[in-house]
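Quick notes on the structure that follows.
In listed order, ligands and their atoms are each counted from 1. This chain uses plain numbering: 1 for the first residue, then up along the sequence.
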Amino acid sequence: MSEFDRRKFLSSSLLSGIAAAALPEILFPQSKQKEIRKAVVISSGNGLSATAKAMEMIQRGSDALDAVVAGVNIVEDDPNDMSVGLGGLPNENGIVELDASVMHGPTHRAGAVASLRNIKNPSSVAKVVMERTDHVLLVGEGALNFARMHGFKEENLLTEESRKMWVKWKEHLSTEDDYLPPHTIDDRNIGSKFHEVMQTYGTINCLGKDLNENISGVTTTSGLSYKIPGRVGDSPIIGAGLYVDNEIGGAGSTGRGEANLVNCSSVMVVEFMRQGKSPEEACLLACKRIADNTKMKRLQNDDGKPNFNVTFYALNKRGEYGSASIWSGGSFCVNDGAINKKSDSAYLWKR
Ligand code: GLY
């Protein structure tokens, strides 16, 4: 019996009286032959630099939360990634508003910020909310004041590239309004290329298991591009865009946050793993639940399936990992201590 199985058995058998030999199989029936992977980091497909950094720190003995936050800080700092932090796509008024959450498995604590302006590393602010307050979530002006209090530097997060994308979106919103994209004297229907400037839900999620077999996670985002100011997605909501149970595993998500908010999806993935599903199976089941619960016709395609995508990332206590999307095209990055690679996510339906 491994160290994890032994600890699990001792604590659980006291509670339930379940036979010693049976317990690990109840928890992980599909994977009983596999070896426990000591350390592993998984992220969304835009997180290859994050998984590399987090694993490097974990192998030097870092706590998983310190490691994954340092990992996603790289992506938040990157002006070329328009889904998070510096250079994130702004709200409808051209102001970047960031959301993030962290969850620390061994202490079962969490911290989060929402609608945070001017601070490029909301994941780090979320971690300080967890560490230095008795609260879980701070929003807007309160979150910004808290970040200032803890010495975070304010800066303009709207890069030239993001500003140009926002202007293009605004100018193509309607042919009836007064904002006009570049045009000639012969053009009609000026501003009709809305399909070229579709809104996006870019985000980074990163989960890690450290050498002490503790699991933690982080999700950080600029949210839905060109959103209504004040709109908050799933990323800073514990149970929706991120959840960790240190005895079972962790899960996080990217994609349409509203779908995760009404389905509590990340905690659902962890609960499916608790029932014995593999991380990939758990992610697929959560995708299926979202599809089943998508009742509004405006959110369905002609076949009645969701017309949006959501991707899940999950990691269990054994260090097994998986990812799945509603629609094909999703990807994830993983570092198992040997290689750092990007792979395709499983999916319910092919586009
Ligand atoms: N999943 C990111 C968002 O919807 O804001």
Side-chain donor-acceptor contacts of residues 105-115 below 3.5 Å, not counting sequence neighbours, with atom names and distances?
unit_1: Thr107; atom_1: OG1; unit_2: His104; atom_2: ND1; d: 2.6
unit_1: Arg109; atom_1: NH1; unit_2: Met130; atom_2: O; d: 3.4

Name each donor-acceptor pair under 3.5 Å that joins a side chain in residues 344-351 to protein atoms two or more places apart or in another chain, with its distance.
unit_1: Ser345; atom_1: OG; unit_2: Ser323; atom_2: OG; d: 2.7
unit_1: Ser345; atom_1: OG; unit_2: Ser331; atom_2: N; d: 3.2

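Ionic pairing of Asp66 and Lys127 is present here: one or more N-O contacts between side-chain nitrogen and carboxylate oxygen are shorter than 4.0 angstrom. Salt bridge annotation for Glu76-Lys120: absent, with no cationic side-chain nitrogen under 4.0 angstrom from a carboxylate oxygen.
Residue-level contacts of ligand 1 at the 4.0 Å heavy-atom threshold are Tyr201, Thr203, Gly223, Leu224, Arg231, Gly233, Asp234, Ser235, Gly255, Gly257.
Qualifying ring-ring contact (aromatic ring centres under 6.0 Å, His included) partners for His135, counting only residues two or more places apart in sequence or in other chains: none.
Figure legend: Lys170 and Tyr179 shown as a cation-pi pair, the cationic atom lying under 6.0 angstrom from the six-membered ring centre and within 45 degrees of its axis.
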